[in-house]
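Presented below is the structure to which this report refers.
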Amino acid sequence: MFDKREVIRMRFKWMLLICLLVSSIVKAQQAPPVLFFSDLIFGPNTGWNNGSSQGAAVTIWGENFGATRGSSYVTIGGAQATTYAEWDAIGPARGLERITFYIPTGASVGAGTISVTVNGVTSNTLPFTVDNTTPIYYIDVNTGNNSNNGRTTSTAFKDIWKFNPCSPGDPHHSQNCNPSMDGQYIAYVRAGTYTTLDPDGGAFVRVYGATGGPTKQKALIGYPGETPILSMASSSEVIYSANFSPYGFNDYYTIAKLSTGTTTATGGNLFFDLVGNNNRIIGNISSHQNAYAQAGVIHLNGSKYISIYGNLEDTDGQSTDRMKHGIYAKTELLGMPQDASHDIATQHIDIGWNEFKDFFADGGWAGVIFLSKASDAGNYYTDYIYIHHNYFHGGNDVYSYVADGTNLNDHLYYYGNIFAPHTQTTCIYYNIGTQQIMLFNNVFYQCGSSTLDYVDYTSHPTFNNNIYWPVTGGSVFTLDDLSYNPVAISDHELFWNGTTPASSPPSLIVTNPTNGNPQFTNAANNDFHIGSTSAARGVGNNLSSTVTTNSLPWGNYDYDGVAYPASGAWDAGALQYATAAVVSRPNPPTNLTVTVN
């Protein structure tokens, strides 16, 4: 006969074993958290509301944060954040998850990292430099006053132009500057609709360079948990730099979490037109907006090391001139200044995790993303462009238009993108003069009414590991000149709903093709995960060495942030196959008996 206390001990051991088993199953099967990017990459560990209890508010974007924080936490500079403005908020682009937290005073000053730990699992890290000197300002259209000092929410400035740094001796803004002038600072913009422009006119912020630098970084950011609206009905630009001579370049700016609202913009507008290096455009919403004539909502020229992450560009079906674009990167002289530390080449442009929706163009192809080089740019090239993990859908404009008859040089990369249906005749157009384009692990799903990829003359794209699903009767490639050797190379690719292209030397070389159903989870609702018996599984080439050799940002990760295998075959398409995070709970034991004396 069992001793009662022994039975209780046995029962407790069983329950403990079950709990440990369930915990191990949950950790093994839940998708680990992953961080993609942050708005700020610098900030103080003190000074929020001009106090000493916490520092700047920082937003991070990624996946698998968990619907509620619970015991999860962010670590920055070796210290755990204790105060959070948002946990697992969504968007604005691609349905990405985000967290907004405040830098704790215990965060170590100096170069460090950010990570997030969810249910005991810690993510990758993002770089971040903590300081204890950067001043924080606030802008509030509803309660602010430009005569205030701007250092607390109750003494906020009123207008966006109070962010303007001004450069020493600048005659245009001698009375209209941020108090920190060309120093390092952060300005948070409260909710509300902003209409008042810079006193110099034409833009909310009109910068006369040269300003900025590694120790003079500047950030204009939406206040935590709020979405300020900058009405483009009253402005042609959000931020504009006078890059012409005698003015210079403007470096190390961050523009983040702002919105142009839903009022239909009149004329042409630019969200970002700041010429310089190491600038960041993060998590903004550009809606109902037409780009300025022959330019882009984001206009890049003479700029390098630019990060364009997590933005939503949505023209909401507005019809616009075909020369207006979502992102316009074109190297052209146009009287631009030059100095020892800058030249006019447009290079190292990183365009990732954005969403481009419903771009409509009248009278031909424009290109949601337009890449080119003007003839007056000489030996300054548009080069090293990385377009990755973006979501393109809707409208009638070609998703990317590459080159414009002038040699671009090379190093253009498209990877991990989803190109969903629209009504243009082709998805991407590769024009004369491009020397090296590589596209890998993208999804091309019915995004051209006649062809997915249009290759024109001297372009030389290489395609690897992509999934192609053209419209019924459509083609994968259209080659406009068949005499070059070769025009295009396709290797380890998946083709469906059409005929697999055959090699046709010298114009097209096709190797290791697969014809089969990718088994998208729900393509009609824009879910392009692949099924367990998908023909895309294990048919791709392993490109780890290519990614490493070319230093491709996030090239070893798929659309969801899942790492590609270091060895062995990759799956084709933008999303690697991964089992669902389903928790299987074991049944309790049924063979225990309890006898009580």
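Worth knowing before you read on, the calculation uses all heavy atoms, side chains too, and leaves out hydrogens, waters and symmetry mates.
Note: W61 and F36 fail the aromatic proximity criterion, with ring centroids not under 6.0 Å apart. The aromatic ring centres of F163 and Y185 sit less than 6.0 Å apart.
No side-chain heavy atom of T100 sits under 4.5 Å from any side-chain heavy atom of V58. A heavy-atom distance below 4.5 Å is not found between the side chains of Y253 and D251. The side-chain heavy atoms of I369 and F392, taken from C-beta on, include a pair separated by under 4.5 Å. Two residues are said to be in side-chain contact when any heavy atoms from C-beta on lie closer than 4.5 Å; I387 and N417 meet this criterion. Using a 4.5 Å heavy-atom cutoff, the side chains of F271 and I255 are in contact. Residues R151 and Y137 have side chains in contact (heavy-atom distance under 4.5 Å, counting atoms from C-beta outward). Side-chain atoms of D131 and T129, non-hydrogen and from C-beta on, never get closer than 4.5 Å to each other. Inter-residue side-chain proximity for I186 and T134 is flagged as met; some heavy-atom pair is nearer than 4.5 Å.
Comment: K304 engages D343 in a salt bridge, judged by a side-chain N to carboxylate O separation of less than 4.0 angstrom.
In this structure, a donor-acceptor pair under 3.5 Å is present between the side chains of H393 and E355. Checking T122 against T117 by side-chain atom types alone, a donor-acceptor pair falls below 3.5 Å. Using a 3.5 Å distance cut-off with no hydrogens or angles, the side chains of D350 and S307 do not pair a donor with an acceptor. A donor and an acceptor atom, one from each side chain of N132 and N45, are nowhere located under 3.5 Å apart. Side chain to side chain, D558 and Y564 fail the donor-acceptor criterion of an N or O pair below 3.5 Å.
In plain terms, the two heavy atoms of N354 and R94 that are nearest each other are O-CG, 3.8 Å. Contact record, I418 with A574: CG1-CB, 4.0 Å, taken as the closest heavy-atom pair. Across all non-hydrogen atoms, the minimal contact from G395 to D358 is N-OD1, 3.4 Å. Smallest separation of non-hydrogen atoms from T125 and T113: CB-CB, 3.7 Å. In terms of heavy-atom proximity, T382 sits nearest to T331 at OG1-OG1, 2.9 Å. When all heavy atoms of P224 and Y188 are compared, the closest pair comes out as CD-CD2, 4.2 Å.
Cation-pi check for R98 over F65 is not met; the charged atom does not lie both under 6.0 angstrom from the ring centroid and within 45 degrees of its normal. Both tests pass for R190 against the ring of Y223: distance under 6.0 Å to the centre and angle within 45° of the axis.
Classified by interplanar angle (parallel below 30°, tilted 30° to 60°, perpendicular above 60°), the ring pair Y309/W353 is perpendicular. Ring planes of Y138 and W48: perpendicular class, angle over 60° (limits at 30 and 60°). In this structure, Y415 and H388 have parallel ring planes: the angle between them is below the 30° cut-off, well short of the 60° mark. The aromatic rings of Y391 and Y559 sit perpendicular, their planes meeting at an angle over 60°, well past the 30° parallel limit.
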Can you give me every donor-acceptor pair (side chain of residues 75-84, partner residue at least two apart or in another chain, under 3.5 Å) with its distance?
residue : atom : partner : partner atom : Å
Y84     : OH   : V74     : N            : 2.9
Y84     : OH   : A81     : O            : 2.9

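When each of T211, D159, D198 is paired with N164, the side chain to side chain donor-acceptor pair (under 3.5 Å) condition holds for D198 and for no other.
If you take CG on L220 and CD1 on I160, they are separated by 5.5 Å, rounding to the nearest 0.5 Å. The CD1 atom of I136 sits 11.0 Å away from atom OG of S180, with the distance rounded to the nearest 0.5 Å. Remark: N250 CG to K216 NZ distance equals 10.0 Å, nearest 0.5 Å.
Distance alone, capped at 3.5 Å, places no donor-acceptor pair between the N550 side chain and the L552 backbone.
Taking a 6.0 Å sphere around CZ of F37, one finds it holds more than 12 heavy atoms contributed by other residues, nucleotides or ligands.
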